[in-house]
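Quick notes on the structure that follows.
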Amino acid sequence: MYFEEDFVEEVRQRNDIVDIISSSVNLKRSGSNYVGLCPFHNEKTASFSVSPSKQMYYCFGCGAGGNVFTFLMEYENLTFVEALEELAGRAGMELPTRQDTAADRRRRDLRDSILEINKLAANFYYATLKSERGRDGYNYLIGRGLTPDTVRRFGLGFSDRTSGELYRYIKGKGYPDQVLKETGLFTYDEKRGAYDKFWNRVMFPILDRNNRVIAFGGRVMGDAKPKYLNSPETLVFDKSRNLYGLNFIHGKQEDGILICEGYMDVIALHQAGFTNAVASLGTAFTSQHCSLLKRYTDVVYLCYDSDGAGVKAAMRAIPMLREAQIRVKVIDMNPYKDPDEFIKGLSKEAFAERIKTAKTSFFYEVDNIRKEYDMNDPESKTRFMNAIAKKCAAFSNEIERVNYMEAFAREYNVRLEDFRKLVAYQSAQMVGIDYEKRRVTRQEDKKEDGISKTQGIFLTWITNDRTLYEKTKDIIRAEDFVDEPYHQVAEMIYSQYENQGKVEPAVIISRYESKEEQSLVAGIFNKEIRALTGDMEQQKAVNEVVRNIKKYSLDYRSRHVTDMTQLQQLITEKKQLQTLQVPFG
């Protein structure tokens, strides 16, 4: 959805970046800026800087940076539109309405109503759990080792044995049956009428990443079936696109994410301090789950049950995660079935050690594939070797493939050269081409990397020093910045100086939608430099940078010129390059 630039800018201006970031990061005043530990990578020394004057942040450690929109997009894993909506809400601003159809409005209203009802239901279940009617449920949770704080943190509840309590409560709030039918919380029967879908169950509210209740899971008290009952899919709930516990995950998880099978596993791990645990929602792991996880991490640890079903689930999940370019490790739960039992039986320290010694997904697969073959039978062993060779051939990264081939050859006492040939054969069978592809980095690209940095340094200088801009604007023009985004940024800097007499970095950053571009542009405004006036050595550095940018620009234009007059002009400018000087003093 498109929003006018004036509206986006007003939202940005009404949300002070220091206020927004300080709610998530402990900031301390340092001169004209604020500093703290970067939330996007692990560090012990603060390298994360927030500038009130520029209304932007930048980490000198990992290069993350941007304005208030970028921070929410990166920290909360939101899209630009989602970040805009949240910041507009904080500022008490309504998003401009588009021309919705009647069907669009009905759908939006229904979605809002379902979320409202889910919130009411969650509060109702929690209140029931804390009442006399919920004593059995509460005792069950405490008996499972949960603390009252954990019960409250996860909003756990209880659905009473009477199967109409919630329906009467919600109905009393004025919601019609045609809306209640869409929530998945009630069952409608011709004989019995409307009644609660969940009854006599411990309730687990399921929240999305914006902490909105989108569904529920219920664990029955006693031996009734099914043991666990989950909400059906609704307008606000898609099982394949949500994970239980994801609402507690913020920002990039450098230490990875733990993937479990059940609600209690996630809760037990969080209570033990492993707050990066999530679980799929009563459904098999999907490629959509992989895409969701990729937004938060590059490595996951599978904590599936140690029984046969858990092994099958892990073997299904590994290829999908690998396809999403997520590294996978598998935690050994033995001698226990799941993380909940493991922590109760041993300790959280023992579980932390299991994380450290988690097996790579490749060897986890190898160990389980091996169980299908008789290693004492030559023919069966050969089929096993071919199966593993196919696994190796599937690695697109050559270094990764070679490393696993070498590790497998050592582990199974196979001649590496023989196994390498087998992998090459399997690869050729799979794709019909030689599996080895070489990538050559052109020397020209390396040079362009260097000049890009030079362009960025100069833009930093003129942003911080208008005097330098005035001295150089007739020597270095916006079109002399050849590489992107430096060219676009230069045009905006020059335009802001000419039209308003100052540069507003946060406004420029807002022109870019992707987090990667915003961080790159933020870096342009945050080069660590000293003042440039009154220092002959620094003046020399400025002149050198100016000449380098100008030379690169002239070389680029020379390669693309088609007009003889323009060519003559370029020749003249190249001759003047040797004596080019910035007029200091």
Suppose we call two aromatic rings close when their centres sit under 6.0 Å apart. Are [X] and [Y] close by that rule?
X: Tyr336; Y: Phe351; answer: no
X: Phe419; Y: Tyr412; answer: no
X: Phe48; Y: Tyr57; answer: yes

State, yes or no, whether a side-chain contact exists between [X] and [Y] at a heavy-atom distance under 4.5 Å.
X: Asp338; Y: Cys260; answer: no
X: Arg354; Y: Phe342; answer: yes
X: Phe198; Y: Leu185; answer: yes
X: Leu141; Y: Leu129; answer: yes
X: Phe285; Y: Arg316; answer: no
X: Phe154; Y: Leu146; answer: no
X: Asp255; Y: Phe274; answer: no
X: Tyr373; Y: Met385; answer: no

Determine the minimum heavy-atom distance between [X] and [Y], stating which atoms define it.
X: Gly36; Y: Leu27; result: N-CD2, 4.1 Å
X: Val330; Y: Ser361; result: CG2-CA, 4.5 Å
X: Ala522; Y: Gly66; result: CB-N, 3.2 Å
X: Ser519; Y: Tyr58; result: O-CE1, 4.1 Å
X: Phe158; Y: Val202; result: CD1-N, 4.0 Å
X: Ala46; Y: Leu37; result: N-CD2, 3.7 Å

Has [X] got a side-chain atom pairing as donor or acceptor with [Y]'s backbone, closer than 3.5 angstrom?
X: Arg327; Y: Thr360; value: no
X: Thr234; Y: Thr183; value: no
X: His270; Y: Ile267; value: no
X: His289; Y: Lys239; value: yes
X: Ser306; Y: Met333; value: no
X: Arg201; Y: Lys227; value: yes
X: Asp196; Y: Trp199; value: no
X: Glu411; Y: Phe363; value: no
X: Glu182; Y: Ile114; value: no
X: Arg111; Y: Leu235; value: yes

Rounded to the nearest 0.5 Å, what's the gap from [atom1] on [X] to [atom2] on [Y]? Could you check?
X: Ile259; Y: Ile326; atom1: CD1; atom2: CD1; value: 7.5 Å
X: Tyr296; Y: Glu254; atom1: OH; atom2: CD; value: 14.5 Å
X: Gln253; Y: Asn276; atom1: CD; atom2: CG; value: 6.0 Å
X: Leu246; Y: Asn211; atom1: CG; atom2: CG; value: 10.0 Å
X: Asn247; Y: Leu207; atom1: CG; atom2: CG; value: 4.5 Å
X: Thr454; Y: Tyr486; atom1: OG1; atom2: OH; value: 9.5 Å

Please name all residues satisfying ring pair (Phe, Tyr, Trp, His ring centres under 6.0 Å) with Tyr140, sequence neighbours left out, ordered by chain then number. none
Does [X] [atom1] have over 12 foreign heavy atoms under 6.0 Å away?
X: Glu372; atom1: CD; result: yes
X: Arg153; atom1: CZ; result: yes
X: Lys421; atom1: NZ; result: no
X: Lys119; atom1: NZ; result: no

Going through the checks in order, is the side-chain contact (heavy atoms from CB on, under 4.5 Å) test met by Val366 and Lys391? CA-CA 9 Å; Val366 169; Lys391 288 285 181 186; over 6 Å; no
Determine which pairs satisfy salt bridge (charged side-chain N to carboxylate O under 4.0 Å, His left out) with at least one residue from residues 136-151, sequence neighbours left out, and list them in order. Asp136-Arg161, Arg144-Asp340, Asp149-Arg152
Under the side-chain contact (heavy atoms from CB on, under 4.5 Å) criterion, do Leu321 and Ile318 qualify, and how do the steps go? CA-CA 5 Å; Leu321 288 162; Ile318 288 170; 5.6 Å; no
Look at the aromatic rings of Tyr228 and Phe204 and report parallel, tilted or perpendicular, splitting at 30° and 60°. tilted
Distance-only side-chain donor-acceptor flag, Asp265 / Tyr244, under 3.5 Å: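 Their side chains do not contain a donor-acceptor pair, so the 3.5 Å distance test is not met.
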Given side-chain contact (heavy atoms from CB on, under 4.5 Å), test Met73 with Gln518 step by step and report yes or no. CA-CA 10 Å; Met73 290 165 67; Gln518 290 177 348; 4.0 Å; yes
Go through Asn242 and Asp208 one step at a time and tell me if the side-chain contact (heavy atoms from CB on, under 4.5 Å) criterion holds. CA-CA 7 Å; Asn242 289 281; Asp208 66 10; 4.3 Å; yes
